[in-house]
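Numbering of ligands and ligand atoms starts at 1, following listing order.
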Amino acid sequence: MQRGEQLYSGKAKTVYVTDDQNKLILHFRNDTSAFDGTKVAQLDRKGKVNNKFNAFIMRKLEQAGVKTHFESLLSDDESIVKRLDMLPLECVVRNIAAGSICKRYGIEEGIDLKPATFEFFLKDDPLHDPLVNEYHIRAFGWATEIEIVEMKQITFRVNEVLTELFAAGQMLLVDFKLEFGRYRGALLLGDEFTPDGCRVWDDKTREKLDKDRFRRDLGGVVEAYEQVAKRLGVPLD
Ligand code: 5GP
C-alpha cells in the first residue's frame with residue numbers, strides 16, 4: 001500500500017491517504033500531549049507500543065462482534081484502516097471515578113460507579129471538549145438519533161469485553177474514550193484504543209498504568225504502557 005499525502009496531523013497520530021480511496025494509514029508518533037496540547041513531550045517507543053496495542057485491542061473487539069475501522073498492521077508504528085467519516089464526538093464510559101468527573105462533581109477518585117456512567121463530549125480543542133447531551137447532538141446535527149443509540153450500545157459492549165480482558169491481566173479498566181465514524185451506511189469504531197485514551201490501574205495496588213503518569217509527572221510512562229501490553233499478551237516485537 002502506497003502512503004500518499006498527509007490528510008491530518010493530530011497530537012499523537014498523523015493520518016495519510018493511500019492509493020485506495022477507502023483506506024488510510026495511521027502513523028502513531030512518539031509525541032504525547034495533555035491539557036489541550038499545552039503539555040507536550042516525545043517518548044521513545046511510544047508510537048510502536050501504541051500501534052501494536054491498538055491493533056491487538058481492535059482485533060479482540062472484532063472477534064467479539066464489534067465492527068471497527070482496523071484493517072492491518074503496516075509497520076512498527078503504522079496501521080491501515082478504513083476511511084471513515086468521523087463524528088465530532090467522544091464517548092466516555094467510566095467504571096471508577098477519576099479525572100474530569102471528580103473535578104466536575106466534587107467526587108473522590110476511586111469510587112466504584114454503579115451503573116457505569118456514559119458521557120458524550122464534543123471534540124473541539126478551543127472549547128476544551130465540552131460535555132454535551134443527546135439533545136445538543138441532535139439539535140446541532142453532530143449525529144442522528146439512531147447513531148446516538150448505537151454509540152452507547154457499542155461503547156457498553158466494548159466495556160464488557162475489555163473489562164474482562166484487563167481483569168484477566170490483574171488490571172482495572174477505570175474509564176476510556178471511543179470515537180465513531182460512518183462507513184458505507186454503518187457506524188464503525190474508529191480512532192484508537194491505547195493507554196493514551198483510557199485509565200488502567202493495577203487491581204491490587206491501584207498503581208496508574210496509563211497517560212495519567214504523563215499528566216501527573218509520575219514518570220515511567222512508556223514503561224507502564226509496556227507493562228499493560230505484557231499483561232494483556234500484546235506482541236510488541
Ligand atoms: P476525562 O473526562 O476524565 O478527562 O477522561 C475520561 C477518559 O477519556 C480518560 O481515559 C481519558 O484518557 C479519555 N479522554 C478524554 N478526552 C480525551 C482526548 O481528547 N484524548 C484522549 N487520548 N483521551 C481522552
Side-chain angles (χ1 to χ4, degrees), residues 8-15 26-43 46-47 49-51 53-54 57-58 69 79 81 86-113 116-133 142 151-152 154-156 158-159 162-163 165-166 171-181 189-202 206-218 221-222 224-225 228 232:
Y8 169 80
S9 192
K11 288 179 288 236
K13 291 194 296 300
T14 305
V15 182
L26 296 187
H27 174 214
F28 290 78
R29 307 193 315 269
N30 284 342
D31 302 301
T32 195
S33 77
F35 311 120
D36 297 323
T38 54
K39 177 173 179 173
V40 294
Q42 277 266 318
L43 301 173
K46 179 179 165 271
V49 173
N50 275 7
N51 184 42
F53 194 102
N54 177 63
I57 297 285
M58 292 286 171
H69 69 159
S79 286
V81 298
M86 295 303 290
L87 303 183
L89 297 166
E90 298 182 342
C91 300
V92 171
V93 160
R94 300 176 195 269
N95 298 303
I96 299 174
S100 73
I101 201 171
C102 295
K103 218 169 154 184
R104 194 179 331 122
Y105 303 126
I107 287 164
E108 195 187 322
E109 183 180 89
I111 290 172
D112 278 351
L113 299 172
T117 64
F118 181 97
E119 295 157 335
F120 282 115
F121 294 90
L122 178 66
K123 258 183 90 72
D124 190 319
D125 274 344
L127 294 180
H128 311 295
D129 293 354
L131 182 74
V132 294
N133 72 28
W142 295 322
M151 280 188 279
K152 286 193 287 188
I154 301 169
T155 305
F156 278 117
V158 168
N159 191 40
L162 297 188
T163 296
L165 189 74
F166 281 77
M171 292 176 284
L172 297 168
L173 181 58
V174 172
D175 59 29
F176 62 87
K177 182 263 301 174
L178 301 181
E179 296 180 28
F180 293 89
L189 176 61
D191 193 49
E192 66 175 73
F193 191 104
T194 67
D196 272 355
C198 66
R199 288 192 173 92
V200 182
W201 296 349
D202 178 89
R206 296 208 158 196
E207 184 189 2
K208 296 181 197 307
L209 301 171
D210 55 69
K211 196 171 162 182
D212 273 350
R213 298 201 71 83
F214 174 68
R215 295 187 187 101
R216 299 183 180 203
D217 294 321
L218 298 175
V221 180
V222 176
Y225 289 20
V228 178
L232 293 176

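In terms of protein heavy-atom proximity, atom 11 (C) of ligand 1 is closest to R215 NH2, 3.7 Å. Of the protein's heavy atoms, D196 O, 3.2 Å lies nearest to atom 22 (N) of ligand 1. Scanning the protein heavy atoms around atom 8 (O) of ligand 1, the nearest turns out to be K177 CB, 3.3 Å. Closest to atom 2 (O) of ligand 1, if we only count protein heavy atoms, is S100 OG, 2.6 Å. Looking from atom 5 (O) of ligand 1 to the surrounding protein, the closest heavy atom is R199 NH1, 3.7 Å. At the top of the distance list for atom 9 (C) of ligand 1, counting protein heavy atoms only, stands D175 OD1, 3.3 Å.
Donor-acceptor pairing under 3.5 Å is recorded for the side chains of N159 and N95. T194 and N54 are not linked by any side-chain donor-acceptor pair at a separation below 3.5 angstrom, with hydrogens and angles left out of the test.
Residue contacts with ligand 1, taken as heavy atom pairs separated by less than 4.0 Å, do not involve E119 at all. Proximity of E90 to ligand 1, defined as any heavy-atom pair under 4.0 Å, is confined to the side chain (atoms from C-beta onward). Here D210 has no heavy atoms under 4.0 Å from ligand 1, in either its backbone or its side chain.
With hydrogens and angles ignored, the 3.5 Å screen pairs no side-chain donor or acceptor of R94 with any backbone N or O of E119. Counting only distance, with no hydrogens or angles, the side chain of D175 and the backbone of R199 share a donor-acceptor pair below 3.5 Å. Between the N30 side chain and the G47 main chain, a donor and an acceptor come within less than 3.5 Å of each other. D129 contributes a side-chain N or O that, together with a main-chain N or O of D124, makes up a donor-acceptor pair within less than 3.5 Å.
Residues passing the side-chain contact (heavy atoms from CB on, under 4.5 Å) test with T32 are A41, L43, K46, D196, K211, F214, sequence neighbours excluded.
Remark: ligand 1 atoms within the under-4.0 Å shell around heavy atoms of G99 are 3 (O). Close approach of ligand 1 to A98 (heavy-atom distance below 4.0 Å) involves ligand atoms 3 (O). Remark: ligand 1 atoms within the under-4.0 Å shell around heavy atoms of D129 are 19 (O). Each of the following atoms of ligand 1 lies closer than 4.0 Å to a heavy atom of C198: 10 (O), 12 (O).
The aromatic rings of F193 and F166 are tilted relative to each other, their planes meeting at an angle between 30° and 60°.
Using a 4.5 Å heavy-atom cutoff, the side chains of F156 and I154 are not in contact.
Residue contacts with ligand 1: K11 is excluded, as none of its non-hydrogen atoms falls under 4.0 Å.
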